[in-house]
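Each remark here refers to the structure printed beneath this line.
Counting starts at 1 for both ligands and their atoms, following the listed order.
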Amino acid sequence: MTNLLDLDADGLAAFFAGLGEKPFRARQVARWVHQRLIDDVGAMSDLAKALRDRLPALAVIGGPKVVSDTTAGDGTRKWLLDVGNGNAVEAVYIPENDRGTLCISSQAGCALDCAFCSTGKQGFSRNLTTAEIVGQLWHANRALLADGITAPWIEQGRAPITNVVMMGMGEPLANFDNVVTALKVFVDDNAYGLSRRRVTLSTSGIVPALDRLRDACPVALAVSLHAPNDALRDRLVPINRKYPLAELLAACRRYLERAPRDFVTFEYVMLDGVNDQPAHARELAVLLRDVPCKLNLIPFNPFPGSEFAVSPRARIVAFQKSLLDAGYVTTIRKTRGDDIDAACGQLAGRVQDRTRRRAIRLHSVPGAPQ
Ligand code: SAH
Ligand code: SF4
């Protein structure tokens with residue numbers, strides 16, 4: 001059985017070529033699946049009868065099963081989605097006046113183990129399939145339409161979700177092939193038809209994969225920086241030991257040659273007493289001199305067992321001012337959905353850790369209990 005949510009335009013064309021069908025069938029089916037959002041392969045009423053009769057034995061349309069559906073006081077809505085074997089991932093809808101944004105997950109857990117991240121602390125189970133990634137957007141649009149939400153663009157016939165950010169659970173560039181296939185579905189005019197500028201991939205900086213993304217499917221880019229020097233970033237974002245700042249920033253510059261936007265967004269989580277001092281802001285301003293960028297300061301969102309605290313508001317504002325004075329467009333991220341644990345870095349889902357990292361970590365830390 002083929003899940004049609006697993007296939008981008010090329011995949012659908014190959015699937016229908018294998019059935020002896022013309023390429024236009026692929027485009028027709030993509031519109032049924034991603035625009036009319038059907039879940040029944042037998043419902044495509046303008047397909048030739050012979051094909052319509054054959055299809056249900058060969059293909060399904062199915063996203064991950066919804067385990068829970070919670071709406072926060074500010075309208076932010078979080079779905080917990082079962083992806084099998086005891087794993088569940090989260091997708092978050094963030095309504096705004098002029099857009100509807102969906103934050104989606106790319107992996108069950110994450111192997112990169114950033115010190116301040118709830119997903120990272122849970123370990124890693126597996127990559128999501130393309131159908132599980134695309135299925136988050138397919139499901140959100142269906143659920144929001146079924147609830148009758150209104151917005152000017154929905155009245156004009158567009159889907160509720162206008163922007164996608166890959167900032168949920170997982171490191172998207174560590175699941176490269178499935179993520180790129182999903183990105184192609186997001187931007188395909190016969191599928192979701194989102195502009196590349198409205199699809200943002202956030203990465204902690206896997207440099208070779210960033211170079212490959214530039215060729216495969218460049219979309220807007222956010223990079224999780226979090227520190228102005230290698231010594232501190234090595235501690236907070238361990239992948240920095242493999243791809244240090246100079247290499248990462250060079251890759252960002254290469255990426256911008258093909259990117260749909262002419263800047264990178266650097267994300268910087270504000271950790272009390274760790275990376276939020278005036279000297280850090282000054283160091284950051286020098287570090288980023290040669291990279292066209294904007295900065296987004298994210299107040300740290302605590303989660304059970306986290307070892308950090310959020311910087312006091314005045315310190316975050318002072319940090320922002322220092323960067324603004326140095327000429328950088330710098331925003332402070334508004335926290336959304338924190339009353340339902342849907343804020344950045346709080347997405348926990350349910351992860352069956354297969355890396356045994358907790359045990360490894362305990363044994364490798366000097367002085368840790370054995
Ligand atoms: N793996 C990717 C995308 C998912 S994380 C990445 O790291 O970029 C999305 C953003 O949330 C990243 O910038 C990440 O550093 C940030 N984040 C993680 N934990 C956080 C927390 N507890 N509070 C605030 N932001 C957090
Ligand atoms: Fe993984 Fe991103 Fe969390 Fe780091 S911040 S552990 S890369 S999800």
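- The distance from ligand 1 to the heavy atoms of T203 drops below 4.0 Å at these ligand atoms: 6 (C), 8 (O).
- For ligand 1 and E267, the ligand atoms under 4.0 Å from any heavy atom of the residue are 10 (C), 12 (C), 13 (O).
- By the 4.0 Å N-to-carboxylate-O rule, D10 lies too far from K184 to be salt-bridged with it.
- Between D53 and K49, at least one side-chain N (NZ, or NE/NH1/NH2) sits under 4.0 Å from a carboxylate O, which counts as a salt bridge.
- The shortest separation from a heavy atom of G170 to ligand 1 is under 4.0 Å, placing the residue in contact.
- Remark: D188 does not engage R27 in a salt bridge, criterion side-chain N to carboxylate O under 4.0 Å.
- In terms of polar-atom proximity, defined here as any N/O pair under 3.5 Å, S118 makes no such contact with ligand 1.
- At least one side-chain heavy atom of D113 sits less than 4.5 Å from a side-chain heavy atom of K121.
- Residue contacts with ligand 1 include H226, since one of its heavy atoms falls under 4.0 Å from the ligand.
- Tested against T330, the residues L284, D325, L295 include a single side-chain contact (heavy atoms from CB on, under 4.5 Å) partner, L295.
- Summarising the local packing, CZ of R235 is surrounded by 12 or fewer heavy atoms from other residues, nucleotides or ligands at distances under 6.0 Å.
- Here N301 has heavy atoms under 4.0 Å from ligand 1 in both its backbone and its side chain.
- Below 30°, between 30° and 60°, or above 60°: for F300 and F308 the angle between ring planes is above 60°, a perpendicular geometry.
- Within 6.0 Å of the CZ atom in R289, the count of heavy atoms belonging to other residues, nucleotides or ligands does not exceed 12.
- A heavy-atom separation below 4.0 Å is found between G168 and ligand 1.
- Rounding to the nearest 0.5 angstrom, the gap separating the CD1 atom in I332 from the CE atom in M270 is 8.0 Å.
- Aromatic rings from Y328 and F266 are positioned such that their centres are separated by 6.0 Å or more.
- Ligand 1 has a nitrogen or oxygen under 3.5 angstrom from a nitrogen or oxygen of F116.
- Only protein N, O or S atoms were considered, and those under 2.8 Å from atom 1 (Fe) of ligand 2 are C110 SG.
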